[in-house]
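Written below as structure tokens is the structure these notes are about.
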Amino acid sequence: MQLRQDLRNLAIVAHVDHGKTTLVDAMLWQSGVFRDNEMVAERVMDSMDLEREKGITIMAKNTAIVYRDTKINIVDTPGHADFGGEVERTLNMVDGVMLLVDATEGPLPQTRFVLGKALARGLPPIVVINKIDRPDRRIHEVLDEIYDLFIDLDATEEQLNFPVLYTNAKAGIALTDPDDVQGRGLVPLFEAILASIPAPAYDPAAPLQFLVTTLHHSDYVGRIAVGKVVNGSLQKGQEVALLKADGTTRKASLSVVYSYDGLNRVERDVIPAGDIAAVAGVDDIFIGDTLGDLLDPRPLPAITVEEPTISMVFSVNTSPLAGRDGGRYLTSRHIKERLEKELLYNVSIRVEQTENRDSFRVSARGELQLAVLVETMRREGFELSLSNPKVITRQENGRFLEPVERAVVDIPEKFIGIVTEMMSARRGQMVKMINNGFGRVRLEFEIPSRGLIGFRSQFLTDTHGTGILNALLIGHRPYAGDIVGRPNGVLVSDRDGKAVAYAIFHLQPRGTIFINPNDPVYPGLIVGENSRTQDIWVNITKEKKLTNIRASGTDEALRLIPPRQFTLEQAMEYIGDDELVEVTPKSIRLRKMKNR
């Protein structure tokens with residue numbers, strides 16, 4: 001085996017919001033990718049609109065920098081557990097990982113997940129403790145927690161001998177000693193990457209082997225496949241063997257080959273082994289396929305990711321308002337084509353046709369992953385109806401098993417009682433409690449995945465918006481028992497028309513209203529939440545009877561309470577088994593499946 005000493009391939013992994021993308025920004029600036037006077041958006045790697053709005057990374061992305069004549073390919077991965085499939089497949093492209101941990105929060109559920117995957121693949125780690133400028137930092141305690149996590153995940157002795165750096169990603173400073181006040185920018189971090197991440201190895205006698213880990217689309221060259229050149233080399237115009245995951249083989253030709261330079265894909269004539277590359281010209285290439293030599297085709301192991309844990313039914317929007325809210329794609333054919341397209345780029349979801357021809361069951365890692373897919377479709381002009389999320393259970397040895405998650409809750413001390421009570425009601429069991437003496441407490445629970453559906457909004461309400469909740473799948477266990485669903489009934493419109501302020505005013509004592517005056521309504525539309533357990537059908541279009549008698553005090557001042565507005569995730573969590581979320585480009589509505 002030979003080594004490419006002029007190259008390093010590195011993935012940055014961490015829990016959500018620990019600062020991966022901000023650190024990549026600083027690395028790009030200090031490596032000279034941008035001009036000093038260039039206008040660059042903050043968190044430049046988060047290029048999708050949804051990523052910027054939510055402040056999280058959703059898709060793994062590649063970039064490359066050059067330091068001391070060595071090219072460093074960097075993959076910025078998502079930090080949210082729902083997008084773990086992105087992390088799992090990108091680990092196939094790299095030779096080492098940089099584990100980023102918040103100096104206050106320490107290792108959290110997704111830290112364990114991504115680190116476990118990296119250690120299982122034998123990848124050497126660099127540990128970076130970020131946000132060392134926080135006043136409540138716990139640098140030495142967090143480092144001890146990281147060592148405990150490595151030992152818990154059965155790290156080898158070589159993997160335990162990792163270098164540790166201390167960073168303030170926003171300021172672009174990396175230190176080898178947290179008490180050092182003379183920061184030299186990110187030079188210590190770059191030096192640690194060159195010293196600790198091994199150069200990619202390849203067999204000079206082996207034929208071409210290129211494993212596809214990501215797909216993109218270009219209006220000019222069509223489908224673009226991204227992956228690592230394990231052996232051999234890629235050339236523009238080269239004829240190769242496309243080795244499919246199902247064992248079939250066919251001949252293909254590469255129209256363009258790219259490598260990465262900064263944030264850009266750059267056309268090359270030849271890309272040698274060890275580099276991360278992108279190829280175009282093969283229209284039916286998929287994630288997990290291998291490009292090999294025509295005379296000596298050698299497929300690489302196909303990419304595998306963990307199975308989905310939650311599913312929803314996507315169906316045609318059959319409401320009376322269908323097509324009146326800016327939607328362009330309304331039919332089951334449109335929805336089916338869009339979901340099939342999503343399957344090309346997203347290896348962690350599954351799609352199957354239900355008994356109803358107009359419905360499709362979509363399975364994914366979590367509610368957020370499904371919500372991101374629906375929000376993307378909505379912005380593309382789709383209208384559809386969504387059922388409530390259901391966990392995916394399994395039968396093993398005659399036992400009924402359900403997915404169980406480890407939920408880590410960070411809350412002020414005064415909310416310990418109410419959060420423990422809420423978790424217990426949802427079959428959660430506390431397994432750990434940590435109090436660091438800063439007024440906040442960390443509780444760890446093991447809870448069925450179905451117990452977390454609809455829990456986040458209630459959790460934020462009961463902790464006055466101060467609680468932080470993270471969860472990660474830990475396996476399947478026997479069914480824990482029934483869980484009480486939503487405690488309140490709903491107010492349902494019993495006729496067509498438009499909502500009237502007079503009717504809303506008189507319904508306010510009944511519960512919480514969801515709509516504004518003049519909003520269109522129809523039979524079956526959910527217009528509010530009842531303060532009691534049963535559903536009530538109401539006339540929200542009722543107007544005041546007019547007479548020819550006027551007297552002092554006859555007209556009341558209609559003071560309306562602002563309605564409760566749902567985000568897509570909140571609506572998905574809120575609905576019951578007999579209800580749907582109606583999603584259009586302009587609106588999110590809740591409705592009953594059937595009219596009374």
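Computation of the quantities below employed the complete heavy-atom set of this structure, encompassing side-chain atoms and omitting hydrogens, waters and symmetry-equivalent molecules.
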Counting distance only, does the side-chain N/O of [X] pair as donor-acceptor with the main-chain N or O of [Y] below 3.5 Å?
{"X": "R378", "Y": "T584", "answer": "yes"}
{"X": "T466", "Y": "T463", "answer": "yes"}
{"X": "R223", "Y": "D283", "answer": "yes"}
{"X": "S311", "Y": "V362", "answer": "no"}
{"X": "N488", "Y": "N530", "answer": "yes"}
{"X": "N130", "Y": "A169", "answer": "yes"}
{"X": "E543", "Y": "Y502", "answer": "no"}
{"X": "S493", "Y": "P523", "answer": "no"}
{"X": "D102", "Y": "E105", "answer": "yes"}
{"X": "E402", "Y": "A480", "answer": "yes"}

So, taking the atom named [atom1] in [X] and the one named [atom2] in [Y], what distance separates them when rounded to the nearest 0.5 Å?
{"X": "I575", "Y": "R591", "atom1": "CD1", "atom2": "CZ", "answer": "11.0 Å"}
{"X": "T376", "Y": "E342", "atom1": "OG1", "atom2": "CD", "answer": "7.0 Å"}
{"X": "F415", "Y": "T420", "atom1": "CZ", "atom2": "OG1", "answer": "12.5 Å"}
{"X": "L507", "Y": "T512", "atom1": "CG", "atom2": "OG1", "answer": "12.0 Å"}
{"X": "N356", "Y": "S332", "atom1": "CG", "atom2": "OG", "answer": "9.0 Å"}
{"X": "L215", "Y": "F286", "atom1": "CG", "atom2": "CZ", "answer": "8.0 Å"}

Whether over 12 other heavy atoms sit under 6.0 Å from R134 CZ: yes

Over 12 non-hydrogen atoms of neighbours within 6.0 angstrom of CZ in R510: no

Is the shortest heavy-atom distance from the side chain of [X] to the side chain of [Y] under 4.5 Å?
{"X": "M377", "Y": "L339", "answer": "yes"}
{"X": "V527", "Y": "I513", "answer": "no"}
{"X": "E367", "Y": "E569", "answer": "no"}
{"X": "F459", "Y": "V419", "answer": "yes"}
{"X": "I468", "Y": "V409", "answer": "no"}
{"X": "N317", "Y": "L384", "answer": "no"}
{"X": "I526", "Y": "F514", "answer": "yes"}
{"X": "L386", "Y": "L568", "answer": "yes"}

Within residues 421-430 or reaching into it, pairs that qualify as side chain to side chain donor-acceptor pair (under 3.5 Å) - sequence neighbours excluded: R426-Q458

If you compare all heavy atoms of [X] against all heavy atoms of [Y], which two are closest, and at what distance to 0.1 Å?
{"X": "T309", "Y": "R365", "answer": "OG1-O, 3.0 Å"}
{"X": "R559", "Y": "Q508", "answer": "O-NE2, 3.4 Å"}
{"X": "P563", "Y": "N516", "answer": "CG-OD1, 3.1 Å"}
{"X": "R350", "Y": "P308", "answer": "CG-CG, 3.7 Å"}
{"X": "G467", "Y": "L460", "answer": "O-CD2, 3.7 Å"}
{"X": "V316", "Y": "T331", "answer": "CG2-C, 4.0 Å"}

E413 with R440: basic N within carboxylate O range, under 4.0 Å: no

Charged N-O contact under 4.0 Å between D578 and K592: yes

Stepwise salt bridge (Lys or Arg N to Asp or Glu O under 4.0 Å) check, R442 with E444: CA-CA 7 Å; R442 180 175 298 173; E444 292 191 16; 5.7 Å; no

Qualifying residue for side-chain hydrogen bond (donor to acceptor under 3.5 Å, both in side chains) with Y574, from E579, R564, E529: E529

Summary of salt bridge (Lys or Arg N to Asp or Glu O under 4.0 Å) pairs that have at least one residue in residues 310-334, sequence neighbours excluded: D325-R589, R333-E337

Exercise: do S319 and E582 side chains pair donor with acceptor under 3.5 Å: yes

side-chain contact (heavy atoms from CB on, under 4.5 Å) evaluation trace for N388 with I453: CA-CA 9 Å; N388 64 336; I453 296 175; over 6 Å; no

Pairs where residues 306-330 contributes a residue and the test ring pair (Phe, Tyr, Trp, His ring centres under 6.0 Å) is met, not counting sequence neighbours: Y329-H334, Y329-F382

side-chain contact (heavy atoms from CB on, under 4.5 Å) between I536 and V492, worked out: CA-CA 6 Å; I536 301 179; V492 190; over 6 Å; no

Step-by-step salt bridge (Lys or Arg N to Asp or Glu O under 4.0 Å) determination, D25 to K170: CA-CA 9 Å; D25 274 6; K170 272 194 171 180; over 6 Å; no

Stepwise side-chain contact (heavy atoms from CB on, under 4.5 Å) test for M312 and I310: CA-CA 7 Å; M312 290 178 66; I310 201 167; 5.9 Å; no

From CA spacing to verdict: side-chain contact (heavy atoms from CB on, under 4.5 Å), F455, L469: CA-CA 10 Å; F455 176 72; L469 171 67; 3.7 Å; yes

